[in-house]
Q: 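Quick one: this structure, given as structure tokens, is what I'll be asking you about.
Proteins come first, then strands; the chains are lettered A, B, ... in the order of their sequence lines, and each starts at number 1.
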There are 2 protein chains.
Amino acid sequence: MKKETTTLKQIATSLNLSISTVSRALNDHIDISEETKRKVKREAERLQYVPNILAKGFRKQKTNIIGIIVPSVIHSFTATILKGILLESEKTNYTTIIAETNNNPEKEKDVLNTMLQFGVEGILMALSKHTRDISPMLLALKKRPLILFDKVSSKIPCTQVVIDEIAAAANAVEHLVNIGKKRIAIIKEREDSYNSEKRFEGYKQTLKKHDLPIDESLILSTDDSSINEGKRLARELICLKDKPDAIFCITDDFAIGVIKTLKKFAIKIPDEIAVVGFSNSSHSTIIEPNLTTVNQPGGRIGKLAMQQMIREIESNEVFGTSKSIEIQTNLIIRESTFL
Amino acid sequence: MKKETTTLKQIATSLNLSISTVSRALNDHIDISEETKRKVKREAERLQYVPNILAKGFRKQKTNIIGIIVPSVIHSFTATILKGILLESEKTNYTTIIAETNNNPEKEKDVLNTMLQFGVEGILMALSKHTRDISPMLLALKKRPLILFDKVSSKIPCTQVVIDEIAAAANAVEHLVNIGKKRIAIIKEREDSYNSEKRFEGYKQTLKKHDLPIDESLILSTDDSSINEGKRLARELICLKDKPDAIFCITDDFAIGVIKTLKKFAIKIPDEIAVVGFSNSSHSTIIEPNLTTVNQPGGRIGKLAMQQMIREIESNEVFGTSKSIEIQTNLIIRESTFL
DNA sequence: AACGTTACCGCAAACGTTTGCAAAAGAATA
DNA sequence: TATTCTTTTGCAAACGTTTGCGGTAACGTT
């Protein structure tokens, strides 16, 4: 379907001006008299002129597109961050393109390259869960600013928008201690998960702080954090001769699964076993008892990441330096730890 | 940060060829000998040549970008559709840009125009909830293919990927009749919501079919479909002297709220009142009792919408004709209607 | 030997915009 | 009046790519 695009040229001929004058007039260049500007703008309006972004981008070597790479858009926390990013980008004249990695490092590399080839100004990215080889990111960083959020890696020298995972986890465990729990279990991901290990660290620190023993039998790990794995591991925990009296789950999904299992075996929450999750996903108020969980302000993370990105794009400082932007979290106390 | 982009020119000079030959060689033009092609491709590889998409798009008047407009990415059904779209677009050489309307018709119009101005090849779109003025869409349709999904409007002459809302709702209500329910209430949105009215239609049809009276006191409407509104309206229903024995909610969120209220007042589900939702959101298996609901295959909707879009872009048929692609739904029966 | 074919390649224009530089016109100064 | 300065405008190049058309060389055919 053909479109009747009007160009600068048409405005120029119609007004007996040169193309350059028209261009400058529309861009409010100081060299152009107010009267000419008015005339030009009126004519542009009349002819429904819309600038050809491709030509503009081509000429100025600038696309004003920012790439976003996430494992999956259906993950609710990711979606919340995304929303923050989109909300912020609307205020600017940057558009965004979004791609998924599905937690596949190979795909991650492909997507990254495609985006660079596409000429994005910068890349906002959450690493996939088990990314080990960071060379694609280092390569990208040589060409464009890269900002990590959610799943980050301190080995990549770029700015990272994160929450203080250790403190957040410590705070959650502290709460369990405060309500009188002594045998606190943890359900986490395996060692190659960055965030999981951080939260585990917070868990250990708090136990130590309160002189509670770290019991290996209360530390459970698994590959993917899902409701089903939560169910399964909870079953393991309640089969222990020496049961825990609280379970700290490093994701809400784990926690949901745990609660399901505990209810199935008629274990009282939180009296017998208290449960705390991490993320404050929408599930946490659906499940009963409502879940005590760490609130991660996804929208704010997205917003700050986007703001920082624009800053890095527009200042021509070097952007290959590590920098950490930390977001405050807070623990939301609900029925699963407190009646 | 400067980037050392290699251009066709560099390959050409390095190989003592003309730019045109290099361009043709890389595009596998028949006029170029196999040997030259090999040489060129090897050199391109060596110099890490990446085509300048802007220049290419500018020259060919083609961006290979498809625009996606949705009310909000955090809505789980939307996210699922999005995933389907992204998954499909990966297989092609089209990229996507995503924008939100937040159910604001003004914003919708803006976003639509921005995308067109940006030179997208086509637009995939879910209308915002209360869009009344369809002229922006009609205008867009004059320039580019437009495909609607989820929230659609039959007044816009374009292809629409939909589920058979009436049949799906009828099927759900039928199920309630089958388990012996006679006073079936409905919680829906107001009359200006297209999907809601369709589902309401299915509700009425089924009642008529089984000679059940349509009782106005059992028909509740509200502005936005949320858990809280579900809670509130359920309370209204159970305060009726002649209570319903089942509630058909036109969204899962409504249903979740309803269940919460029913449990609060110790009303037995499904014995006293059965509940059915719509969408099969992730919440439906978190809530207890698990929710019987209509499964809308979001991934499939996204996939088909994308496929159709590419078809419309690449065939130069006229695309301003109404066409409906219907997706099958199925009712997932869980504890809220069946123990 | 003259001509036609085929296979391969290069020239140069074009896409719409921005921008350095020069030019023209008018205003101010000497 | 002649000179300089300021304001406003136009010329033309450039960005990287594709592509119509023309050209050359080699070969085959009469």
Q: Ignoring backbone atoms, establish whether A:Thr21 has a side-chain N or O less than 4.0 Å from OP1 or OP2 of D:dT9.
A: no
Q: For a quick check of understanding: with a heavy-atom distance under 4.0 Å over all strands, which category does A:Leu17 fall into, base, sugar-phosphate or nothing?
A: sugar-phosphate
Q: Please tell me if B:Asn27 has a side-chain N or O lying less than 4.0 Å from either OP1 or OP2 of D:dT18.
A: yes
Q: State which of C:dG10, C:dG20, C:dT17 makes the closest approach to the side chain of A:Ile19.
A: C:dT17
Q: Check the distance between C:dG20's P and A:Arg24's CZ and give it to me in whole angstrom.
A: 9 Å
Q: Whole angstroms only, please: what is the CD1-P distance between A:Ile11 and C:dT17?
A: 8 Å
Q: Side-chain N or O of B:Ser23 less than 4.0 angstrom from OP1 or OP2 on D:dT18?
A: yes
Q: When we call it a touch if two heavy atoms are under 4.0 Å apart, what does B:Ser33 touch: a base, just sugar-phosphate, or nothing?
A: sugar-phosphate
Q: Between C:dC11 atom C1' and B:Lys9 atom NZ, what is the distance in whole Å?
A: 14 Å
Q: Can you tell me if B:Phe58 is stacked onto the base of D:dT17, using a 5.5 Å centroid cut-off and an angle below 30°?
A: no
Q: Which listed nucleotide (C:dT18, D:dT9, C:dG16) is nearest to the side chain of A:Thr36?
A: D:dT9
Q: Consider the side chain of A:Ala55, meaning its heavy atoms from C-beta on, and name the nucleotide among C:dG10, D:dT18, C:dG16 that approaches it most closely.
A: C:dG16
Q: Heavy-atom distance under 4.5 Å between the side chains of B:Met115 and A:Thr95, does that happen here?
A: no
Q: Say whether, by atom type as modelled, one donor and one acceptor occur between the side chain of B:Asn27 and the main chain of B:His29 under 3.5 angstrom.
A: no
Q: Rounded to whole angstroms, how far apart are CG on B:Asp31 and P on D:dG20?
A: 11 Å
Q: Could you pick out which residue, B:Ile30 or B:Lys60, lies toward the 5' side of DNA chain C when each is mapped onto its nearest nucleotide?
A: B:Ile30
Q: Hey, does the side-chain of B:Arg59 have a donor or acceptor N/O within less than 3.5 Å of a partner on the base of C:dG16?
A: no
Q: Between P on C:dT18 and CG on A:Asn64, what's the gap in Å once rounded to a whole number?
A: 12 Å
Q: Kindly give the heavy-atom pair with the smallest separation between A:Leu26 and A:Ala44, and that separation in Å.
A: CD2-CB, 4.0 Å
Q: Ignoring hydrogens and geometry, is there a side-chain-to-backbone donor-acceptor pair from B:Thr78 to B:Ile74 under 3.5 Å?
A: no
Q: Contact class for B:Thr7 (heavy atom, under 4.0 Å): base, sugar-phosphate, or nothing?
A: sugar-phosphate
Q: Counting side-chain heavy atoms from CB outward, which of D:dC15, C:dC15, C:dC9 is closest to A:Gln61?
A: D:dC15
Q: Would you kindly give the NZ-to-C1' distance between A:Lys56 and D:dA14, to the nearest whole Å?
A: 17 Å
Q: Heavy atoms, side chains only, cut-off 4.5 Å: are B:Val162 and B:Glu326 in contact?
A: yes
Q: Is a donor on one side and an acceptor on the other found under 3.5 Å between the side chain of B:Glu108 and the backbone of B:Ser128?
A: yes
Q: When you measure from the side chain of B:Leu8, which nucleotide among D:dT9, D:dT18, C:dG16 comes out closest?
A: D:dT18
Q: Over how many whole Å does the gap from B:Asn52 atom CG to D:dA14 atom P extend?
A: 17 Å
Q: Given atom NZ of B:Lys37 and atom P of C:dC9, what is their separation to the nearest angstrom?
A: 10 Å
